[in-house]
Amino acid sequence: MTGLNDKQSEACSYVEGPLLILAGAGSGKTRVITHRIAYLIDELAVNPYSILAITFTNKAANEMRERVDKLIDVGSVSIWVSTFHSMCVRILRRFYDRIGGKNNFTIYDTDDQKAVIKEVLKNLGMDPKMYPEKACISYISKAKEEFLTPDDMDKRSGTSYRDMQMANVYREYQKRMVQNNALDFDDLIFKTLELFTRDKEVLDIYQSRFRYIMVDEYQDTNHSQFLLVKMLAAKYRNLCVVGDDDQSIYKFRGADISNILNFEDEYPDAKVIKLEQNYRSTKVILDAANSVIANNEGRKSKKLWTENYIGNKIKYMVFETEYEEAHGVINAILDQRSMGREYSDIAILYRTNAQSRVLEEKLIYANIPYKLVGGTGFYNRKEVRDMIAYLKLIANHSDDISFSRIINVPRRGIGATTVNRIKDNAYASGQSLYDYCKSPDHIDDLGRSGSKICDFISMMDDFTEMSGILGNVPPEDICLTDLYDSIVDKTGYKTALVAEGTDEAKARIENLDELKNKIAHYEQDTDEPGLMGLLEEISLVADTDEGLDTDNKVTLMTLHSAKGLEFPCVYIVGMEERLFPSGLSIDSDDPDAVEEERRLCYVGITRAMEELMLSGATTRMINGTRTYPAESRFIKEIPKEFMERSGVKGRSVVKPAARPAVKPFGSSTFAPGIGGAKPDINNIPGVQKGFSSSGSAVYDYEVGDTVRHIKFGKGTVVSKVKGGSDYEVTVDFEKVGEKKMFASLARLKKV
DNA sequence: GAACCCATCATTTTT
DNA sequence: TGATGGGTTC
């Protein structure tokens, strides 16, 4: 197979029987999966229809399909490439009725879950102070991740009163979910498992179809997902899982690392292939990552190596406060920029979202464009959620949660008292809120509000008619954007916002328009668009997936969201005990908690291709209190020879910005050394020394060596002259003749 | 029914 | 520090 190393190509062609691919960071994992699929189709003439590839995020799924599509001529559309969750939705939409469900179920997100829990606690007469919603949700989620029913959990409670109560909440919660005809994210997996367990015919349909199954990020699977994969693969046993135990960072959401560690116990005939060659990072960066992760116990033995050049030392800076730290990072970025590095090559990573604020402030001040990944997304805005609640209620009249959310939004004079009466009565008669209100017999019970409720229901009925979910409208006549316009308009939602006239209201109106754009996009890009499909997409596809990667901006995100990405230049901030590793993990009685933080550190370090800077502060404000954190243990785990420390007294060692956009950072002079020069073709945006001016970089070629340059091809090193922290290298290229360049920028590779 | 004020409480997150 | 939510007051 072309362009693959031995291990990679072995992994591609080993297709019969169970296979575990341990793919280290930057070892070309996605490449292997896509080539493997191409191999199955092109070389073995496998029908694409019988291939299933499961990923965790939609982004990964899309990327995979695109890359397969480039490798093969036809058929990529009929491969099932999807996330666990969308796969399960697809199966349940077809067969959920086989186990007594309704195929038009609604998907509930965490906010909806919270609302259900609230009702449940009220109903059971339990104190939300003693049993916080969050705790209930995570209890239920944990149970479902383990494929345990309320009865199972009840048995497990033993003599613990609290556990028994929690099991009760779980049972009552499920009852409500059935009433609302809704499934939460964990239910999607759980119910599919239940379907497969109870209906062998359905199981056989999928088992027979999927002759070849691949699971990406296998270290992130929970127990239920493990069971699901196991069932699907039971017939042909052509199961290939790809993962890296060292990058398991999602234990808190149920990821079970033993799935990958015990794969060989589960499948004794499994072949194991390790991908240990890293194509991403410099030697220094990779060795630092290896040194850190070596402190963990209970991992699969594995040692990443690379043929890449040694590279610059890792910079480690200590500042006085978090503000100075941010300031220092910005200065470093401006330096990089003045060397010709693109903003989009740079990422700032942190442990907690709260850390982004200070960084953002400084970035704005310095006029540096940035994009923030994660955080509270578009679909969490109140006005957007309101609109989606309308759509959800239209699609599923049993959805009491959405009904309660919008019955008086915008205000239509239906107050809490009335709503509570509706709830009580409807609950007593076993009807949904919608059906209860729709029944003419009940209007009188509702007194003065009766007519208002009548109006509301008849409006919703009109919307329902328009939506086409009743099957009364020919599909080509359904227009979701029209439906959306009607909702925004006829409910008076927009009018209410316009009347408000505040800046905030204006922003909300913009968000309403933005949602319309998204709906229009969906309608355009989908073969058979419908309300169900739209809601699915909204629930299952995070809006972070559609970020415009073309923009030249610095990326800000948590270490968690950085997994799977790479950047030439990475800054990891907040390298302090109790921040990273987090205090909770240090205090935990589970020894694996700190190990998981260490894996997170490993993930962070291995995101960097060329340049890595770590930083911390000697004092930091956390939750309103000033703290004086010690240096992170992970710093101590990086061998000194890879690292260049500076700072401690913060500001004094921070260089002024090379070219501040505003003039925020005090005296702005010039950056010494190679800074300031406009990048030209000889100076491909590359590496810069960042903070230090002492020599640090080491390169593995000498005068007379033959080297390869990414653009100019092969050449011979004519001279190598030290200048600042860098070397000025002159190379005589076979094709283009003699070129002078900075070693750190040239990315020369010895041949 | 709505505005306002005070208490509370804080990892990580995709689906 | 800051967001959020419940309770109180008008």
Side-chain angles (χ1 to χ4, degrees), chain A residues 54-61 82-89 107-115 118 127-129 132-135 137-138 141 144-145 183-190 192 217 220-222 224-225 248-255 322-323 349-358 361 373-377 379-380 382 408 411-419 449 536-545 557-564 574 578-588 593-594 596-597 599-601 603-604 620-627:
Chain A
I54 306 175
T55 62
F56 268 83
T57 65
N58 292 288
K59 199 175 166 192
S82 82
T83 63
F84 271 103
H85 296 269
S86 30
M87 173 181 84
C88 289
V89 170
I107 299 166
Y108 272 8
D109 62 21
T110 321
D111 258 50
D112 300 320
Q113 284 182 285
K114 252 186 172 170
K118 254 187 210 164
D127 181 4
K129 285 247 163 62
E133 291 136 33
K134 256 181 89 181
I137 290 175
S138 92
S141 186
K144 289 177 183 171
E145 280 158 4
L183 297 178
D184 63 32
F185 289 125
D186 299 311
D187 281 332
L188 296 175
I189 314 286
F190 191 105
T192 306
E217 305 284 11
D220 288 342
T221 49
N222 62 37
S224 290
Q225 289 163 335
S248 164
I249 54 173
Y250 285 114
K251 191 178 182 189
F252 69 92
R253 67 176 200 213
E322 66 268 39
Y323 290 95
L349 311 181
Y350 37 81
R351 177 67 244 266
T352 68
N353 280 310
Q355 289 169 261
S356 72
R357 227 196 68 246
V358 178
E361 265 172 35
V373 176
T376 318
Y379 292 109
N380 272 327
K382 181 187 180 296
N408 199 32
R411 317 241 129 83
R412 42 177 79 90
I414 304 172
T417 329
T418 311
V419 175
S449 305
E536 238 158 70
E537 180 142 321
I538 289 173
S539 311
L540 297 179
V541 181
D543 53 320
T544 48
D545 286 1
M557 63 186 151
T558 61
L559 287 149
H560 281 91
S561 4
K563 196 171 75 150
R578 311 210 122 253
L579 180 60
F580 189 33
S582 76
L584 284 168
S585 74
I586 292 172
D587 297 337
S588 165
V594 171
E596 175 136 326
E597 298 279 313
R599 291 192 286 270
L600 192 55
C601 184
V603 167
R620 179 184 300 269
M621 195 71 103
I622 287 181
N623 298 341
T625 21
R626 187 139 288 287
T627 60

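So you know, we letter chains A, B, ... as the sequences are listed, proteins then strands, and number each from 1.
Side-chain nitrogen and oxygen atoms of A:Arg411 include at least one within less than 4.0 Å of the OP1 or OP2 phosphate oxygen of B:dA2. For the OP1/OP2 pair of B:dC9 and a distance below 4.0 Å, the side-chain nitrogens and oxygens of A:Asn623 include no atom meeting the criterion. At the phosphate of B:dG1, neither OP1 nor OP2 sits under 4.0 Å from any side-chain N or O atom of A:Asn408. Distances shorter than 4.0 Å separate none of the side-chain N or O atoms of A:Thr83 from OP1 or OP2 on B:dT14.
When distances are taken from the side chain of A:His560 to each of B:dT11, B:dT13, B:dT15, the shortest belongs to B:dT13. Out of B:dT15, B:dT13, C:dT1, the shortest distance to the side chain of A:Met621 is found at C:dT1. Across B:dG1, B:dT13, B:dT11, the shortest atom-to-atom separation from the side chain of A:Thr417 is found for B:dG1. Across B:dT13, B:dT11, B:dT15, the shortest atom-to-atom separation from the side chain of A:Thr110 is found for B:dT15.
With sequence neighbours left out, A:Ser82 forms a side chain to side chain contact (heavy atoms under 4.5 Å, CB included) with A:Ser86, A:Met87. With sequence neighbours excluded, the residues satisfying side chain to side chain contact (heavy atoms under 4.5 Å, CB included) with A:Pro132 are A:Ala135, A:Arg162. Evaluation of the salt bridge (charged side-chain N to carboxylate O under 4.0 Å, His left out) rule for A:Arg599 yields A:Asp592, A:Glu596 as partners, not counting sequence neighbours. Listed by chain and residue number, A:Glu145, A:Ser224, A:Gln225 satisfy the side chain to side chain contact (heavy atoms under 4.5 Å, CB included) test with A:Asn222 (two or more places apart in sequence, or in another chain). Partners of A:Ala593 according to the side chain to side chain contact (heavy atoms under 4.5 Å, CB included) rule, which considers only residues two or more places apart in sequence or in another chain, are A:Ser585, A:Ser588.
Of the possible polar contacts, one joining the A:Asn408 side chain to the A:Ile414 backbone as a donor-acceptor pair under 3.5 Å is found.
Between A:Ile414 and A:Leu600, the residue anchored nearer the 5' end of DNA chain B, judged by the nucleotide with its closest heavy atom, is A:Ile414. Residue-to-nucleotide proximity on DNA chain B shows that, of A:Lys134 and A:His85, the 5′-proximal contact is made by A:Lys134.
Contacts of A:Glu597 with the nucleic acid, taken as non-hydrogen atoms under 4.0 Å apart, include base atoms. The residue A:Asn353 sits close only to the backbone: its heavy atoms come under 4.0 Å of sugar-phosphate atoms, none of a base. As judged by a 4.0 angstrom heavy-atom cut-off over every strand, A:Thr558 is placed among residues touching the sugar-phosphate backbone only. As judged by a 4.0 angstrom heavy-atom cut-off over every strand, A:Phe252 is placed among the base-contacting residues. Counting any heavy atom pair closer than 4.0 Å across all strands shown, A:Thr625 reaches no nucleic acid atom.
When rounded to the nearest whole Å, the span between CD1 of A:Ile189 and P of B:dT14 equals 16 Å. If you measure from atom CG of A:Asp587 to atom C1' of B:dA10, you get 15 Å, rounded to the nearest angstrom. In this structure, CD1 of A:Ile622 is placed 12 Å from P of B:dT12, rounded to the nearest angstrom. Spacing between atom OH of A:Tyr250 and atom C1' of B:dT11 amounts to 12 Å, rounded to whole angstrom units. The distance between atom CG of A:Asp220 and atom P of B:dT14, rounded to the nearest whole Å, is 12 Å. To the nearest angstrom, P of B:dT11 lies 15 Å from CD1 of A:Ile586. Atom CD1 of A:Ile249 is separated from atom C1' of B:dT14 by 11 Å (rounded to the nearest Å). In this structure, the NZ atom of A:Lys251 is 14 Å from the C1' atom of B:dT12, given to the nearest Å.
By the 30° and 60° cut-offs, the orientation of the rings of A:His560 relative to A:Phe252 is perpendicular.
The pair A:Arg253-A:Asp220 fails the salt-bridge criterion, with no side-chain N (NZ, NE, NH1 or NH2) lying under 4.0 Å from an Asp/Glu carboxylate O.
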Exercise for the section: Could you run through nucleotides 2-10 of chain C and give me one letter per nucleotide, 5' to 3': B if any protein heavy atom sits under 4.0 Å from the base, S if only the sugar-phosphate is that close, - if neither? Expected result: S---S----
